[in-house]
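Notes follow once the structure below has been shown.
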Amino acid sequence: MHDILPADMPVWNQLEDEYRALAESYGYREIRTPVVEKTALFARSIGAVTDIVEKEMYSFEDRNGDSLSLRPENTASVVRAGLQAGMLQDQQHRLWYSGPMFRHERPQKGRYRQFHQLGAETFGIPGADIEAELILLAARFWKRLGLEDIELQINSLGSSGCRQRFRGILVEYFRDHYDSLDVDSQRRLETNPLRILDSKNPDMQGLIEAAPALVDSLDQESREHFNELTDILDKTGVVYQVNQRLVRGLDYYCHTVFEWVTDTLGAQGTVCGGGRYDGLVEQLGGKPSYAAGFSMGCERLVSMLIDQGRAQDESGCDVYLLMRGENSVPRAQQLAETLRDELPRLGLVVHAGGGSFKSQMRKADKSGARIALILGEAEIAANTVSVKFLRQDRQQEEIPQADIVNRINSLLGNN
Ligand code: ATP
Ligand code: MG
């Protein structure tokens, strides 16, 4: 688990601000749920035989003896919240979220025990049009961030009928090769055979490559659904690859699944994963409901922004106000408060803690401010303030205090 220190924050804010603005512009509304839920929620949704529930959850008993878990992902929580608030019955919703998730994984680059996700969930919309919208939203997000080298992979799991059929075919195939399966896969053969296709074990890759393809089990309706999606992607210019091996091992997924992947991050290259999960609402006790969504990993996107030189390095400070001479501190604070009244968005740091003029100037420079305002004895006597340019080779000015708001406005522009 990592601290995000002040120096790291600008790029995090950039990511989160951009996502918020974009999601809102597509008509998605924010939802926030607690970071702890009953353990049973995740066992029932993500499934008892997944990596997450089997070995990655931070679970504990609270003082009442209830088993709670830090959320390993947010979809189950959003569905739970939607059900509890009565939002999911015969209604359409577009929602987005942002927040920390917790998984007890083996820490490595791009894989942490507390990590952060930005996500979207939609409810009540059956078609490929909403799946395309989710993909278009993500594509536009990469574009807004200036990120390159993120490729889209898509696949169809088909209707639940197709999945059942494919499951049978797959079990038969892997049974014939039982001795070549690793221990995890042997266990999954009974519980969650699709998940075997998701195995990260290199020794299993040959067997997985040769396994029957899901696409051959798709019925007419499922094919049409998938064609509708690829048609929209083609017409909107989204480049994609159909990846037959892309599965989400969970029973509630159906039809479209997708991942955005990059090869610029090393082994942990998936920055966004999503798909349709029509079965989940019912599985959590609601009426059957259409649902589709995605979630992206912030740490990986932050790495990419930095690696690709796209990280904004913004200092919140535009102006540093320093003072010298007797009684200059209250006068400086007074001037600063006036400025804050007039220019509410101005980044204004007022020097505190005393010190020589020279050391104050050093702090002004370090603050990132473009302008230092100096309030000395002479300025106080004359009701003026001196303006020193910290990033420009330009003559210092002394201006009447009454003009300072206008002067700052014209010097800094957008305030
Ligand atoms: P992976 O195959 O990398 O384990 P996953 O299928 O477990 O991914 P999801 O549950 O789909 O991942 O989560 C969505 C995204 O969240 C991932 O694509 C990834 O970017 C990010 N993510 C998942 N787990 C972690 C983690 N432990 N640390 C950092 N980011 C993560
Ligand atoms: Mg994982």
Side-chain angles (χ1 to χ4, degrees), residues 42-56 72-73 75-76 79 126 128 131 153-201 203-227 229-230 241-259 270 273-286 288-294:
F42 301 115
R44 281 168 68 199
S45 58
I46 302 169
V49 289
T50 55
D51 279 354
I52 291 180
V53 173
E54 273 179 336
K55 49 189 188 202
E56 294 176 0
E73 53 108 55
T75 303
V79 171
E131 297 160 8
Q153 302 191 346
I154 59 174
N155 194 22
S156 172
L157 304 176
S159 62
S160 64
C162 301
R163 283 191 59 131
Q164 283 312 317
R165 203 161 42 248
F166 181 62
R167 190 188 152 111
I169 296 169
L170 208 58
V171 169
E172 205 173 304
Y173 167 80
F174 282 126
R175 241 184 221 136
D176 289 344
H177 298 86
Y178 191 80
D179 293 338
S180 315
L181 296 177
D182 61 16
V183 177
D184 270 349
S185 301
Q186 289 182 346
R187 196 165 33 94
R188 285 184 180 137
L189 189 56
E190 305 307 325
T191 52
N192 195 345
L194 257 75
R195 192 77 192 167
I196 299 176
L197 298 177
D198 215 13
S199 165
K200 307 247 168 25
N201 182 352
D203 298 339
M204 292 280 302
Q205 294 314 310
L207 198 60
I208 289 170
E209 287 298 321
L214 223 159
V215 67
D216 298 324
S217 302
L218 292 189
D219 58 24
Q220 184 63 22
E221 184 216 321
S222 300
R223 277 173 211 274
E224 275 166 19
H225 186 106
F226 196 54
N227 288 341
L229 174 70
T230 54
Q241 257 187 333
V242 178
N243 175 357
Q244 304 282 352
R245 301 293 158 218
L246 183 62
V247 290
R248 311 230 106 199
L250 315 180
D251 280 345
Y252 55 75
Y253 276 102
C254 62
H255 292 292
T256 306
V257 289
F258 60 87
E259 280 188 1
T270 306
R276 176 167 288 285
Y277 54 93
D278 289 345
L280 183 59
V281 176
E282 189 177 14
Q283 200 166 314
L284 291 179
S289 303
Y290 299 110
F294 64 65

Side chain of [X], backbone of [Y]: donor and acceptor closer than 3.5 Å?
| X | Y | value |
| --- | --- | --- |
| Asp278 | Ala291 | yes |
| Arg163 | Leu157 | no |
| Arg276 | Pro126 | yes |
| Glu221 | Gly158 | no |

Closest contact, heavy atoms only, [X] versus [Y]:
| X | Y | value |
| --- | --- | --- |
| Arg245 | Ala211 | NH2-O, 3.0 Å |
| Leu284 | Ser45 | CD2-CB, 4.0 Å |
| Phe226 | Ser156 | CD1-CB, 3.6 Å |
| Arg223 | Asp216 | NH2-O, 4.2 Å |

query = Only one of Arg175, Arg195, Arg167 forms a salt bridge (Lys or Arg N to Asp or Glu O under 4.0 Å) with Glu190, so which one is it?
reply =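 The option that passes is Arg175.
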Quick check: do [X] and [Y] have side-chain heavy atoms less than 4.5 Å from each other?
| X | Y | result |
| --- | --- | --- |
| Ser159 | His255 | yes |
| Ser185 | Phe174 | no |
| Ser289 | Glu282 | no |
| Ile196 | Leu207 | no |
| Leu181 | Leu189 | yes |
| Thr256 | His225 | yes |
| Leu170 | Leu197 | yes |
| Tyr253 | Leu194 | no |

With [X] via side chain to side chain contact (heavy atoms under 4.5 Å, CB included) - residues at least two apart:
| X | value |
| --- | --- |
| Ile169 | Pro212, Ser217 |
| Thr270 | Glu259, Val261, Arg300 |
| Gln241 | Glu151, Gln153 |

key: By side chain to side chain donor-acceptor pair (under 3.5 Å) - contacts of Asn201 (at least two apart)   =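 Asn201 satisfies side chain to side chain donor-acceptor pair (under 3.5 Å) with Asp182 once adjacent residues are dropped.
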ask   = Quick one: side chain to side chain donor-acceptor pair (under 3.5 Å) partners of Gln220, sequence neighbours excluded?
value =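 Glu224.
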ask   = Which is it for Leu214 and Val247 under the side chain to side chain contact (heavy atoms under 4.5 Å, CB included) test, yes or no, and what are the steps along the way?
value = CA-CA 9 Å; Leu214 223 159; Val247 290; 4.0 Å; yes
task = Could you tell me the separation between the CE atom of Met204 and the OG atom of Ser180, rounded to the nearest 0.5 Å?
result =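 So the CE of Met204 and the OG of Ser180 are separated by 8.5 Å.
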ask   = Can you list the residues that meet the salt bridge (Lys or Arg N to Asp or Glu O under 4.0 Å) rule with Glu209, with sequence neighbours excluded?
value =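 If we apply the salt bridge (Lys or Arg N to Asp or Glu O under 4.0 Å) test to Glu209, skipping adjacent residues, there are no hits.
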message = Heavy-atom count check: over 12 atoms from other residues, nucleotides or ligands less than 6.0 Å from Tyr173 OH?
response =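 It does: Tyr173 OH has more than 12 such atoms within range.
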inquiry  = Please determine whether the number of non-hydrogen atoms from other residues, nucleotides or ligands lying under 6.0 Å from atom CD of Glu172 exceeds 12.
reply    =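 No, the 6.0 Å shell around CD holds no more than 12 heavy atoms from other groups.
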ask   = Would Asp219 and Arg165 count as a side chain to side chain contact (heavy atoms under 4.5 Å, CB included) if you check the C-alpha gap in whole Å, the side-chain angles of each, and the deciding distance to 0.1 Å?
value = CA-CA 10 Å; Asp219 58 24; Arg165 203 161 42 248; 4.1 Å; yes
task = Mind telling me whether Phe258 and Phe294 have parallel, tilted or perpendicular rings, with 30° and 60° as the class edges?
result =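 Because their plane-to-plane angle is over 60°, the rings of Phe294 and Phe258 count as perpendicular.
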ask   = After noting the C-alpha distance and the side-chain angles of Tyr277 and Thr75, does the key distance pass the side chain to side chain contact (heavy atoms under 4.5 Å, CB included) rule?
value = CA-CA 10 Å; Tyr277 54 93; Thr75 303; 3.6 Å; yes
